[in-house]
A.B. asks: 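Below you'll find the structure I mean.
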Amino acid sequence: PQDELHLIRFAKMIALSVENAWNYQAAYEARRTPTAISSLAELAPEIARILDANADTRLALQACAEAVVLHADVALARIWLVEGTVLQLRASAGLLMHHDDIRARVPIGQFSVGHIAQTRQPLLINSILDYPHIHDKEWSQREGMTSFAACPLLADTEMEGVMAIFDNKPISTAAFTALNTAARDIA
């Protein structure tokens, strides 16, 4: 019975991953279409649906990151959770990046993501190379990333983590507002 439960859970994870891959592919093909504003409006209901449907935190966070990439039309979305004095990467969607890269564990107060956790303030930067807290500007240039936005995941006053997005075009105020709303809902 225990093995059967593990197989069922594994099958659900695979099905969700396949569905998310198809959704990402569809979003990629539909990029820069006039539906961007309506897609942003769909982000909050999509986040609510994901959180209601997933008891597994890791699966829910991954699906939320994928929804942000899809609806905000950004290249990369990542979610870190607080573990002691560090932020631990728990979800990454969009641009292929590994969960074990150098940005997977970020001390609170260091780099742009750690700064967000420390100050508890959202941040929007549409010129990464000019911002001092972006620590891997070589990666940003190599990948063509020019903009960054991040929001703290605050449950009441408790710091839970940080959600961040990167893109190769300016991040609109509407996308930044949608990201803030998503961060509140996820926390």
A.B. asks: Which atom pairs, one a donor and one an acceptor, fall under 3.5 Å between side chains of residues 153-161 and the rest of the protein, sequence neighbours left out?
C.D. replies:
none

A.B. asks: Using a strict 4.0 Å threshold on nitrogen-to-oxygen distance, state whether Arg58 and Asp56 make a salt bridge.
C.D. replies: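 Between Asp56 and Arg58 there is no salt bridge, as every charged N stays at least 4.0 Å from the carboxylate O atoms.
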
A.B. asks: Below 4.5 Å, heavy atoms only, C-beta onward: do Ile79 and Cys64 meet side chain to side chain?
C.D. replies: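 Yes, at least one pair of side-chain atoms sits under 4.5 Å.
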
A.B. asks: Under the 3.5 angstrom rule, does the side chain of Asn126 hit a backbone N or O of Ser147 as a donor-acceptor pair?
C.D. replies: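 Absent.
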
A.B. asks: Output, in order, the C-alpha distance, side-chain angles, deciding distance and verdict of side-chain contact (heavy atoms from CB on, under 4.5 Å) for Leu43 and Thr181.
C.D. replies: CA-CA 9 Å; Leu43 179 58; Thr181 300; over 6 Å; no

A.B. asks: For Glu143, give me all partners under salt bridge (Lys or Arg N to Asp or Glu O under 4.0 Å), at least two apart in sequence or on another chain.
C.D. replies: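 Here no residue qualifies.
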
A.B. asks: For the atom pair CD1 (Ile171) and CD1 (Ile125), what is the distance rounded to the nearest 0.5 Å?
C.D. replies: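 That separation rounds to 9.0 Å.
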
A.B. asks: Restricting to side-chain hydrogen bond (donor to acceptor under 3.5 Å, both in side chains), what partner residues turn up for Asp130, sequence neighbours left out?
C.D. replies: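 Asp130: side-chain hydrogen bond (donor to acceptor under 3.5 Å, both in side chains) contacts with Ser127.
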
A.B. asks: Kindly state each residue pair satisfying ring pair (Phe, Tyr, Trp, His ring centres under 6.0 Å) with at least one member in residues 156-178, sequence neighbours excluded.
C.D. replies: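 Pairs touching residues 156-178 that pass the test: Trp139-Phe166, Phe148-Phe166.
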
A.B. asks: In chain order, what residues pass the side-chain hydrogen bond (donor to acceptor under 3.5 Å, both in side chains) check against Thr177, with sequence neighbours excluded?
C.D. replies: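 Here no residue qualifies.
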
A.B. asks: Using 0.5 Å steps for rounding, measure from the CD1 atom of Ile165 to the CE atom of Met145.
C.D. replies: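 One gets 11.5 Å once the value is rounded to the nearest 0.5 Å.
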
A.B. asks: Less than 4.5 Å apart, side chain to side chain, heavy atoms only: is that true for Leu61 and Leu81?
C.D. replies: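 With C-beta onward as the side chain, the pair touches.
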
A.B. asks: So do the side chains of Val82 and Leu87 get within less than 4.5 Å of each other, counting heavy atoms only?
C.D. replies: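 Side chain of Val82 against side chain of Leu87, heavy atoms only: contact under 4.5 Å found.
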
A.B. asks: Hey, could you give me each pair passing side-chain hydrogen bond (donor to acceptor under 3.5 Å, both in side chains) that has a residue in residues 104-119? Not counting sequence neighbours.
C.D. replies: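 side-chain hydrogen bond (donor to acceptor under 3.5 Å, both in side chains) check on residues 104-119 returns Gln88-Arg105.
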
